[in-house]
Every structure is written in C-alpha cells, then in structure tokens.
J.: 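Right, I'll just put the structure down here and ask away after.
Residue numbers start at 1 and run along the sequence shown. One-based numbering, in listed order, for ligands and for the atoms of each.
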Amino acid sequence: MKFGTKALHAGIEPDPSTGAIMTPIFQTSTYVQDEPGVHKGYAYARTKNPTRSVLEKNLAALENAAFGRCFSSGMSATETVIKTLTPGDEVICTADLYGGTYRLFTKVFAKYGIKFTFVDMLDVGNIEAAITDKTKLIWSETPTNPMMNIMDIRAISDIGRKNNIKVAVDNTFASPYLQNPLDLGADIVMHSVTKYIAGHSDVVMGFLGTNDPVTDEALGFIQNSGGAIPGPQDCFLALRGIKTLHVRMQRHCENGEKIAHFLRDHPKVEKVYWPGFEDHPNHEVAKRQMKYFGGMISFKQKEDTIEQANKTLSSFKIFSLAESLGGVESLVGHPATMTHASIPREHRLAVGLTDSLIRLSVGIEDVDDLIADLKQAIG
Ligand SMILES: *Cc1c(COP(=O)(O)O)cnc(C)c1O
C-alpha cells in the first residue's frame with residue numbers, strides 16, 4: 001500500500017460490534033474478565049486501550065515500523081528511550097536539538113548519571129570521534145529546529161551499526177510522509193505527534209516506532225510502568241488528523257517552497273534557511289532522504305536586531321505568534337525567546353541561532369495571502 005492509502009486504512013477496521021467506520025473512543029479504564037486472567041487482550045487501560053492500539057498500528061505502518069507506541073507527549077516518548085539506559089551510559093546528540101529535548105537531557109537525565117555529548121553531526125566524523133565504550137545511543141534530529149540543518153540518517157545509522165550503538169531519530173519536522181528513518185537504517189523513530197501528524201493544533205502526543213522486538217519490549221515495559229500514555233479522545237483526534245496527513249503535507253510543501261523563494265528574493269532579508277535551496281549545505285542529502293522539503297522555514301533580516309525581529313513579529317495578521325508547528329494554520333515564532341529560551345545564549349549563537357532569527361510554520365492557507373502577510377510584516 002502507498003502512503004495515502006495507509007494513512008486512511010492501515011490498522012483500521014470497522015468496529016466489529018456495530019460496523020462504525022470510525023474507530024470508537026474507548027473511554028474506559030478497565031475491562032471485564034470472563035474468569036481471572038481470561039480477557040479479550042485488554043486488562044487495564046494504562047497497558048492497552050483499543051483506540052490507542054489502532055493509532056499505534058496506523059502510525060507504525062506510516063513509518064514502516066513493525067512496532068509502534070504512543071505517549072502523552074513527544075517529550076515523554078523521548079524520555080522513554082532514555083529510560084532504557086543505565087547510569088554511566090553515554091548518548092551522542094545532534095548539537096542543535098529541539099530546546100525541550102536539550103532541557104530533558106541536560107537538566108533531568110544528566111542528574112541520573114547519563115552523559116550527553118553534543119556534536120555537529122553535519123560532519124559524521126564528529127560522531128565517530130565522540131564514541132567511547134560507554135556510548136549506548138546516538139540521538140539525532142533532522143531537519144533541525146530552527147536552523148533546518150539536515151543530518152544524513154543513513155551515514156549516522158551506519159556508524160551506529162558498526163559500533164553496536166542504537167540510533168534514534170526525531171522525525172517531527174519531516175513527518176512520516178516526507179521521511180522514514182527506519183528505512184534508512186535507524187533503530188528508533190520518534191515523533192511529536194502534536195505537530196504535523198495530528199496536524200490541527202488540538203493534541204499533545206508522542207510516538208516511538210522500531211523494527212526490533214527487543215527494543216519494542218523495553219519501550220513497552222517503560223510505557224506500562226510509568227504510564228505516560230495518551231487518552232482515548234486524543235488518540236481519536238490523532239487518527240482523524242492522520243487521514244489527511246499526505247494531503248496536508250503536499251500543501252505545506254508547496255506553500256513552503258513559494259514562501260522560501262519569496263523571502264530569498266526580498267531586499268530586506270539576509271538569509272533563508274530551507275533545505276530545498278540548491279545551495280543549502282546538505283541539499284543533496286535532503287533530496288535523497290526526504291520526499292520533499294517541508295513547510296518549516298527560518299530567516300534573518302538584514303537588520304539583525306531583536307528590535308527589528310520584534311517589530312516584524314508583532315505585525316503579522318494571518319501568521320499567529322505562537323510556539324509549536326505543523327498545524328493547518330500558519331504560525332510564526334521567535335526561537336531565541338520562545339522555543340529555545342531554555343538553551344544558553346552562547347550555545348544558541350554557536351549554532352547560528354541569533355536573536356533576530358524568525359521561524360515560520362507554513363500552514364495550508366492560500367499562499368498569496370501568506371505572502372501578502374509576510375510582505376507587510378517585513379515592510
Ligand atoms: C515539539 C517537539 C518535540 C516535543 O514534543 P511535545 O509533543 O511538545 O512534547 C520534540 N522534538 C521536536 C523536533 C519538536 O518540534
């Protein structure tokens with residue numbers, strides 16, 4: 001089955017008791033057993049819920065994963081992967097990680113004796129140089145937020161395999177429509193379902209997929225032990241959102257391309273970060289591993305001051321000033337004071353995230369209106 005068909009049908013059957021075509025919301029915490037231990041596969045809803053099970057199967061299919069698990073947020077999915085490690089273990093991470101991931105690693109898990117090393121993964125030699133006999137995981141993110149750097153998933157996965165180290169990829173910015181890390185050799189794919197997958201800015205959720213039964217069992221043990229699971233209503237909303245994921249992504253990409261070019265040609269814009277440009281440092285890798293280039297764009301104005309950024313940010317009429325991304329409506333954000341405020345300024349500047357950088361999550365509105373809004377906001 002191709003992607004659009006899987007989005008609508010993979011793992012989804014009409015409800016056997018009624019024929020309802022839409023997966024019911026099983027709002028229940030427990031299930032009646034015929035005899036002690038004799039049940040229909042469901043004993044308690046922290047462990048399993050039928051609405052969640054359908055979503056997990058559907059998302060696993062979209063990532064070409066044998067196993068999938070959903071969590072109460074993207075961060076709780078990430079947390080679950082780290083909880084499979086033991087004090088003393090080391091993790092090698094992409095330098096310009098999502099701010100919340102950086103915070104979770106450095107402020108929460110570092111306390112438990114897990115060591116995180118941040119390297120520039122654009123040069124995969126830096127990963128090899130950072131490997132020690134304690135390295136158990138490589139955590140990568142591509143495209144990165146908000147610099148739109150592209151990591152070569154296949155090259156990183158090859159290093160992982162050669163050194164017997166698991167590779168996890170945060171695939172949130174690409175969505176399963178644009179990129180499938182397991183197909184490129186990664187061991188675990190992670191998503192903030194909150195973003196493109198659910199796609200309507202009404203759910204917070206995370207996902208992990210893998211092809212390895214041992215890894216899946218370890219993740220499932222933590223999922224059930226800790227209980228960071230999404231409720232059935234949210235699973236319903238995510239399933240509903242996924243039915244249009246491919247159609248939405250096509251429009252996000254089309255609008256993104258037009259806006260990236262508009263910005264690049266604008267006399268007041270200094271630099272545009274979008275992997276679709278031929279002179280993007282890793283354009284060739286993006287072309288190889290992604291179906292298209294997505295709807296996330298960052299840019300700097302020639303007047304590179306926080307005042308100019310603030311002036312632009314408060315002038316938008318259609319783009320809404322908000323954190324998050326991947327919803328149907330266009331959002332604009334200021335990473336330095338919003339999504340990445342928890343990253344120290346020196347660390348931000350070192351990866352090119354200056355005070356004036358503006359990030360766009362291009363929605364699926366009519367692109368002419370979005371361009372007109374950008375025109376008047378930049379002035
Ligand atoms: C939003 C986001 C997360 C965190 O997901 P939540 O659902 O907000 O917990 C992780 N990684 C990336 C790239 C994100 O954009």
J.: Looking at Tyr273, is Lys271 sitting on its ring face, NZ or CZ under 6.0 Å from the six-membered ring centre and within 45 degrees of the normal?
T.: yes
J.: Would you say the side-chain atoms of Asp265 pair up with the backbone N or O of Ala260, donor to acceptor, closer than 3.5 Å?
T.: no
J.: How are the rings of Phe277 and Trp274 set relative to one another: parallel (under 30°), tilted (30 to 60°) or perpendicular (over 60°)?
T.: perpendicular
J.: Return the closest protein heavy atom for atom 12 (C) of ligand 1 as residue, atom name and distance.
T.: Asp170 OD2, 3.4 Å
J.: Would you check the N or O atoms of Thr194, main chain and side chain alike, for any that come under 3.5 Å of an N or O of ligand 1?
T.: yes
J.: In the protein, what heavy atom is nearest to atom 15 (O) of ligand 1, and what distance, to one decimal place, separates them?
T.: Lys195 NZ, 2.8 Å
J.: Determine whether the side chain, the backbone, both or neither of Val193 has a heavy atom under 4.0 Å from any heavy atom of ligand 1.
T.: neither
J.: Below 3.5 Å, N or O to N or O, backbone or side chain included: is there any such pair between Met75 and ligand 1?
T.: yes
J.: Just checking, any donor-acceptor pair under 3.5 angstrom between side chains of Glu141 and Asn171?
T.: no
J.: Relative to atom 5 (O) of ligand 1, which among Ser192, Gly326, Gly206, Ser72 owns the nearest non-hydrogen atom?
T.: Ser192
J.: At what distance is the nearest protein heavy atom to atom 3 (C) of ligand 1, and which residue and atom is it?
T.: Tyr98 CE2, 3.4 Å
J.: Cation-pi between Lys291 and Phe3: NZ/CZ under 6.0 Å from ring centre and within 45° of the ring axis?
T.: yes
J.: Quick check on contacts: which atoms of ligand 1 are under 4.0 angstrom from a heavy atom of Met205?
T.: 7 (O)
J.: Specify whether His340 and Tyr98 have parallel, tilted or perpendicular ring planes, treating 30° as the upper limit for parallel and 60° as the lower limit for perpendicular.
T.: perpendicular
J.: How are the rings of Tyr31 and Tyr42 set to each other: parallel, tilted or perpendicular (split at 30° and 60°)?
T.: tilted
J.: State the atoms of ligand 1, each with its element, that fall below the 4.0 Å cut-off from a heavy-atom position in Glu141.
T.: 13 (C)
J.: Atoms of ligand 1 less than 4.0 Å from Leu325 heavy atoms?
T.: 15 (O)
J.: Considering only protein heavy atoms, which is closest to atom 6 (P) of ligand 1, and at what distance to one decimal place?
T.: Gly74 N, 3.3 Å
J.: Classify the ring geometry between Tyr102 and Phe118 as parallel (under 30°), tilted (30 to 60°) or perpendicular (over 60°).
T.: tilted
